[in-house]
Amino acid sequence: MNPRFSLLLILTAGLAVAFPPLPVPTVAPQARTFQVDAGQFAYSPSKIFVNPGDTVTLELVSTDVVHGIYIDGYDISFEADPGQTQTLTFIADKPGSFRFRCNVTCGAMHPFMIGKLMVGTNDWLYRSVGLAALAVLGVTISRKQEV
Amino acid sequence: MTKIELTRIPFIKNAFKSRYPQLAVFIVMLIGYIFAILAGLIGTPVGSHNFSIVFVWIAWWAILILVAVPFFGRGWCAICPIPLPGEWLQRGAILTPPDKRPKWLNLRVPKMFRNIWLQNISFLLLALFSSVLLTTPNITGIILAAMLFTAIGLGAIFERRAFCRYLCPVGGFIGLYSQAAPIELRIKDKQVCVTCEGKPCYNGSSIGFGCPWDVFPGGLTKNTYCGLCMECIRTCPHDNIAVNLRPFSADLAKPSTRMDEAFKAFIMLGSAIIYAGVLLGPWGTFKDAAYNVGSSAWFMYAGIFLSIIFGILPGFFTLGLLGTKGNATLKHRFASLSITLIPLGLMFWVAFSLSFVLTNASYILASLSDPLGLGWNLFGTANTAWQPMLTSILAPAQALALVGGLIWSARTAQKAANEVKVSPIPVIVYCFIATSIMLWLLL
Ligand code: SF4
Ligand code: SF4
Ligand code: SF4
Ligand SMILES: [Cu+2]
């Protein structure tokens, strides 16, 4: 094969990994509630798993100072005073993995107070690892031909 | 691909030859630097409202790792204010050489220190305290001041820029990754240098100083230790110095054989992975351990940090190499192939920094108006609310950077493996595994 052709082949394969929709397991959307305890500088639980379409209610409880939650990608946020419970309900309509982080300056490590909201499977991760594997294969093959 | 000589363009050439444009930038940088020290020491202890934290660890860091290093190599060193006061004192002049130079010791740095091990150590020390450093204005102010004074002190004792060359924690990684940048400073014609009398580019002359980085431009083949100070452009009487635009990572075609440089690559790669897990991960225990310097949890953290960098990462790399057969010694293969980790590590840092910088960039506006956190409102932006930026394209951008970095390092591995006549496969697999871990941590 000539290198250009193999490059084309690899590119096509790359697109094939990156874009087509994966089969989505059809789980009927549910309403779910999570209590999230926030204390300097961590959430508990720090990882929340839901299915796409679920109606998610977060009950934020601050155990020391004021903390909050801002969810990346969803761009929504709320905060809770110490000892008070605040709730936020939203529909998890975007699949993927999203960091949520504290939106109130709560102390030194505040910028790194982070949790993860996982909506369905983490497509981006699997596709990226797939792409990475393909890329490595592509580089190896195209090089062999040059030599 | 060929090189394009940027210094052919009269505007660029004049801007480099004249001392004034650089001096103007230097002065602005020095003022900013001193202000950052003061802000750190007297400003609010709340990091996200203090100029020292926001401008050093968000603004400067973003520009450095996302733009300056990948595209301009040591470009930052060309305008860095840290060595300036020391250099001016050492030279007894700011612009051109004076008639009488001040009598400093001007010693040569002892041979055993003429490598980057001290730089590796200084970087690691800062890395182990990074959680405190990144969040506490006081500590940032003290470290910035310490760098300035150490540079002055070393300038009084040793010749040239001993601090930059052998100790600066920032300079170490800029030098490592500058090899990947598409900018280089090189001589135009070797023959001209051979016959050049007095080698003013290295020794200095009445019109300018010799290379402050202790590099002889005539023998320059890699970006690592050229600080782009432009001094040699000014002193070379034969107009033999060029600044070129070149393909990315051209320097990586010549693998290094130095262990200090090889380990720098592991240090930087490992730090990017650890930071991605500790700072951006959901695990509170790690954050506590990293922050509580001196506690037993911190000692554990430090121990794990160091064993990843000096044990696990180089260990698996060596295991991979053991599988390859070649005439070169294991040590030689190790050093040569470690160059593969340079593009990989650079893109790890880019991916990590994207997340950190984009989510915190909105602090810049607020801090601009109220740099000390004292309630000022200079430009009316002091009350800008914290708002992460571009969080929806963050994951694709990081994935692209990491996969791109993997391809880049796989190509580099093939070239380096070719030099030492071994198979590149184990090293490529190693890079793939490291990339997958990083993808898992960041996505
Ligand atoms: S080595 Fe360090 S101190 Fe020297 S110019 Fe570069 S960044 Fe500045
Ligand atoms: S001064 Fe110019 S010509 Fe002379 S050795 Fe240096 S770079 Fe070469
Ligand atoms: S004098 Fe020339 S070779 Fe030396 S650091 Fe400056 S620019 Fe680089
Ligand atoms: Cu908080």
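Here is how names work: the chains are called A, B, and so on, in the same order as the sequence lines, proteins then strands, and each is numbered from 1. Side-chain atoms are counted along with the backbone in the values below, which use heavy atoms only and exclude waters and symmetry mates.
- Taking every heavy atom of both residues into account, B:Q414 and A:T140 meet most closely at NE2-CA, 3.6 Å.
- In this structure the side chain of A:S128 never reaches within 4.5 angstrom of the side chain of B:L402, judged on heavy atoms.
- Counting non-hydrogen atoms of other residues, nucleotides and ligands closer than 6.0 Å to CZ of A:F78 gives a total above 12.
- The shortest side-chain heavy-atom distance between A:V129 and B:S436 falls under the 4.5 Å cut-off.
- A:N122 touches chain B through its side chain: at least one heavy atom from C-beta onward sits under 4.5 Å away, while N, CA, C and O do not.
- Taking 4.5 Å as the limit, some side-chain heavy atom of B:P396 sits within range of a side-chain heavy atom of A:W124.
- For B:L441, the part lying under 4.5 angstrom from a heavy atom of chain A is the backbone only.
- Highest contact tally toward chain A, considering only B:T435, B:L400, B:L406, B:I393, is held by B:L406 [criterion: heavy-atom pairs under 4.5 Å].
- When atom types are taken as modelled, the side chain of B:T391 and the backbone of A:D72 share no donor-acceptor pair closer than 3.5 angstrom.
- Shortest non-hydrogen contact noted between A:V139 and B:R411 is CG1-CD, 3.6 Å.
- Of the candidates B:F356, B:F286, B:Y291, B:Y275, A:F112 forms a side chain to side chain contact (heavy atoms under 4.5 Å, CB included) with just one, namely B:F356.
- Looking at heavy atoms from C-beta onward, A:Q40 lies out of side-chain contact with B:D288 at the 4.5 angstrom threshold.
- Of the residues considered (A:K116, A:M113, A:R99, A:K47), A:R99 shows the highest number of contacts with chain B, using heavy-atom pairs under 4.5 Å.
- Contact tally against chain A (heavy-atom pairs below 4.5 Å) for B:V403, B:I428, B:L394: the top residue is B:V403.
- A:Y70 is not listed as a side-chain neighbour of B:T359, based on a closest heavy-atom distance of 4.5 Å or more.
- Aromatic ring orientation, B:W386 versus A:H110: perpendicular (interplanar angle above 60°, classes split at 30° and 60°).
- Of the inter-residue distances, the one linking A:R101 atom CZ with B:N360 atom CG reads 7.0 Å to the nearest 0.5 angstrom.
- Using a 4.5 Å cut-off between heavy atoms, B:L390 makes no contact with chain A at all.
- In this structure, chain A has no heavy atom under 4.5 Å from any part of B:Q398.
- Closest of all the heavy-atom pairs between B:V46 and A:T105 is CG1-CG2, 3.7 Å.
- B:T136 does not touch chain A: none of its heavy atoms, backbone or side chain, sits under 4.5 Å away.
- In terms of heavy-atom pairs under 4.5 angstrom with chain B, the leader among A:S44, A:A133, A:A135, A:G115 is A:A133.
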